[in-house]
Amino acid sequence: MPRRNHPKRPASADDRPLGGGHGWARNESASDGEWLVRNVAGAQTTKHYRCPGCDHEIQPGTPHVVAWPAADYGSVEERRHWHQGCWNSRTRRPRRGY
């Protein structure tokens, strides 16, 4: 019998598939509302984005997160690309971008 080299990831109720085959998102709740959040590996990024937390550019090849309100499931207009640190501290400081 062939050996499986990595364990299968258990399905979580907090993970939802994104439309269009764009990966998986997780639910996050905070004082600023309910969010769907997806981590993006640096190898997957090819464009420049502006982080709404610090108003600095996210360079291509930089790992970051994409977040949007859970009520707007997958809405392109509401998605924002954040530096991981900016996303984690968003409730402790004012938003600079968007």
Side-chain angles (χ1 to χ4, degrees):
M1 175 180 283
R3 185 178 136 218
R4 187 172 54 183
N5 289 330
H6 56 280
K8 285 194 175 217
R9 182 178 154 198
S12 168
D14 290 340
D15 287 346
R16 294 191 206 179
L18 298 176
H22 296 294
W24 291 88
R26 65 184 177 279
N27 283 337
E28 287 192 17
S29 297
S31 60
D32 61 346
E34 295 281 326
W35 297 91
L36 291 174
V37 182
R38 179 171 58 106
N39 290 331
V40 180
Q44 294 176 326
T45 61
T46 58
K47 295 172 32 180
H48 292 267
Y49 298 101
R50 175 116 2 223
C51 175
C54 65
D55 201 31
H56 292 159
E57 274 193 355
I58 300 172
Q59 298 291 324
T62 304
H64 61 279
V65 295
V66 178
W68 60 96
D72 295 327
Y73 182 65
S75 172
V76 174
E77 295 82 24
E78 296 297 319
R79 279 188 286 186
R80 297 291 177 256
H81 296 254
W82 295 71
H83 293 109
Q84 182 69 56
C86 294
W87 174 253
N88 292 340
S89 64
R90 74 190 181 284
T91 58
R92 296 188 300 271
R93 62 182 176 165
R95 243 174 120 169
R96 302 215 182 262
Y98 301 94

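If you're wondering where the values come from, they're calculated on a predicted model, not measured in any experiment.
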Counterpart residues, side chain to side chain donor-acceptor pair (under 3.5 Å), relative to S29 (two or more places apart) = E34
What are the two closest non-hydrogen atoms of N88 and R92, and how far apart are they?
-> O-NH1, 3.6 Å
On a heavy-atom basis, the closest approach of T45 and Q59 is OG1-O, 4.3 Å
Between W82 and C51, the two heavy atoms sitting closest are CA-SG, 3.9 Å
Answer whether the closest heavy-atom distance between the side chains of N39 and Q84 falls below 4.5 Å.
-> yes
Answer yes or no: is there a donor N or O on one side and an acceptor on the other, between the side chain of R38 and the main chain of W24, under 3.5 Å?
-> no
Sorted by chain and number, sequence neighbours left out, side chain to side chain donor-acceptor pair (under 3.5 Å) with E28 holds for R26, W87
Would you call L36 and N27 a side-chain contact if the rule is heavy atoms closer than 4.5 Å?
-> yes
Non-hydrogen side-chain atoms of H64 and H83 separated by less than 4.5 Å = no
Any donor-acceptor N/O pair, T62 side chain to G42 backbone, under 3.5 Å = no
